Amino acid sequence: MSVREPIGVIGTGYVGLVTAVGFAELGSDVVCVDIDANKIERLKAGEIPIYEPGLAELVEKNRSRLHFTTELSEALDRARLLFVAVGTPPTYSGDADLSAVHAVVGAMPPSETHALVMKSTVPVGTGEAIKRIFEEQGKGGFRYVSCPEFLKEGTAIADFLDPDRVVIGDEGGWAGDAVTELYRPVLSAENGGNARGALVRTDIKSAEMVKLASNAFLATKISFINEIANVCEETGADVVEVAKGMGLDDRIGPKFLKAGIGFGGSCFPKDVSALKQLAGNSGYHFQLLNAVIEVNELQKRRVIQKLQKHLGSLVGKRIALLGLAFKPETDDMREASSLVLSARLIADGADVVGYDPIAAEEAGKLLKGVELVESAEAAVAGADAVVLVTEWPEFKDLDLTAVAAVMRGKVFIDGRNLLDGPAATAAGLVYEGVGRGLAPQPETAQTPQTV
Ligand code: UDX
């Protein structure tokens with residue numbers, strides 16, 4: 001392998017760590033910089049502060065190429081490309097909070113030989129604003145490249161090493177070429193690589209917009225199928241069959257057509273809202289995104305109506321939540337449906353018990369008033385109703401007869417359509433998925449109460 005360019009990565013959160021270890025795996029020396037001294041100490045000691053399958057192993061494998069420091073100067077001394085992966089959380093207005101990005105910009109010295117490569121998701125126009133700030137601060141020689149991140153939590157390493165596409169936005173010059181060179185091994189043959197990735201070399205604003213538009217489109221797909229699911233519940237169609245039939249059309253595709261109890265996570269809710277605000281701030285009312293957001297909010301709350309349909313008042317009812325993270329294979333609780341659901345249940349007087357295989361510690365910090373237990377079995381014991389919130393694979397193996405036996409009631413709401421409805425019914429549960437109607441109940445099963 002030819003000698004690979006060393007890089008700096010600023011911010012050792014989720015995106016920063018995966019980017020750092022990904023480039024280390026491809027052969028670069030990587031200086032990881034973070035202002036959090038405690039985090040850097042932990043990383044130096046080999047401790048990985050987030051849960052991501054395969055990440056700890058890959059960090060270990062590439063230990064000799066990964067350097068952790070709180071000193072920006074170490075990255076500036078050893079690398080000319082500085083990838084920025086700091087947080088851009090939503091503010092109260094729904095805009096992105098760019099204070100961490102601006103702190104990084106402000107910390108850069110004048111230089112003719114360095115470039116910032118923006119991985120953090122930022123509003124369209126941020127690159128232009130940063131270039132202007134560089135000019136004003138007498139750092140006009142600093143280059144700027146937009147290189148948005150498309151990693152999915154849970155499969156982030158594979159997404160980095162085997163991307164669908166790599167998007168690089170710049171205004172010509174050495175920096176965009178150098179970033180392209182770094183990604184070369186994961187690009188397709190026609191882009192000089194030996195993998196699958198397509199390459200989009202474009203201007204900075206378009207690169208920034210690709211990221212926001214992609215996430216907004218995927219979120220729209222989810223809200224769309226969730227609305228179809230709700231209509232299926234009214235009409236007796238089965239959304240799983242409908243999604244299968246739709247997804248076989250090449251133009252639609254099968255992915256992101258899983259109906260459920262809403263999308264969460266660090267990206268979709270924030271990016272949809274950021275794009276809506278960005279449009280609004282520039283004078284355009286993005287109607288469709290308003291609906292996408294509202295449908296998602298209502299989708300989380302529909303579970304409450306389903307529970308009330310079966311149980312009547314929820315006061316004093318014990319409701320078990322299986323899975324708390326916003327999706328499986330992560331301990332990330334950001335915008336998780338469990339947050340809204342548990343708060344609504346508690347407000348309605350229910351006793352809420354929750355279990356998550358990985359996210360319990362994170363959940364403990366956020367889910368006030370929820371009893372957290374160590375296993376699915378412990379959660380369902382004595383419950384009047386169970387809600388499957390996150391489709392962790394282990395829930396597929398639940399012994400449903402045993403579940404029905406230890407519950408106080410029999411209601412099982414499968415918020416992710418993970419289980420086999422007829423099997424759940426045969427096990428004695430009153431099973432309801434999303435957009436699938438009530439699974440047929442045997443003669444002996446408890447008749448649902450109406451309110
Ligand atoms: C997402 C984007 O996929 C990724 O490209 C971007 O970089 C960051 O945001 P992530 O948040 O990790 O990644 O999760 P993803 O797997 O995309 O799921 C997001 C949410 O949508 C989850 O809450 C998931 O449960 C939900 N979802 C996803 C559905 O409800 N139905 C689906 O069909 C797919």
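The model shown is predicted, which means the values in this text are computed figures rather than measured ones. Both ligands and their constituent atoms are indexed starting at 1 by order of listing. We're numbering straight along the sequence, starting at 1.
Among residues two or more places apart in sequence or in another chain, the salt bridge (Lys or Arg N to Asp or Glu O under 4.0 Å) test is passed with Asp203 by none. Annotation: salt bridge (Lys or Arg N to Asp or Glu O under 4.0 Å) contacts of Glu335 (sequence neighbours excluded): none. Under the ring-ring contact (aromatic ring centres under 6.0 Å, His included) criterion, Phe326 pairs with no residue, sequence neighbours left out.
Every protein residue with a heavy atom nearer than 4.0 Å to ligand 1 is included here: Glu149, Phe150, Leu151, Lys152, Glu153, Lys211, Asn215, Ile222, Phe256, Leu257, Lys258, Phe263, Gly264, Cys267, Phe268, Phe326, Lys327, Arg416.
Contact check on Asp238 versus Arg436 returns a salt bridge, with a Lys/Arg side-chain nitrogen under 4.0 Å from an Asp/Glu carboxylate oxygen.
Listed for the Tyr14 side chain is no donor-acceptor partner under 3.5 Å among the backbone atoms of Ser266.
Stacking of Arg165 on the aromatic ring of Phe150 is recorded, both the 6.0 Å distance cut-off and the 45° axial limit being met.
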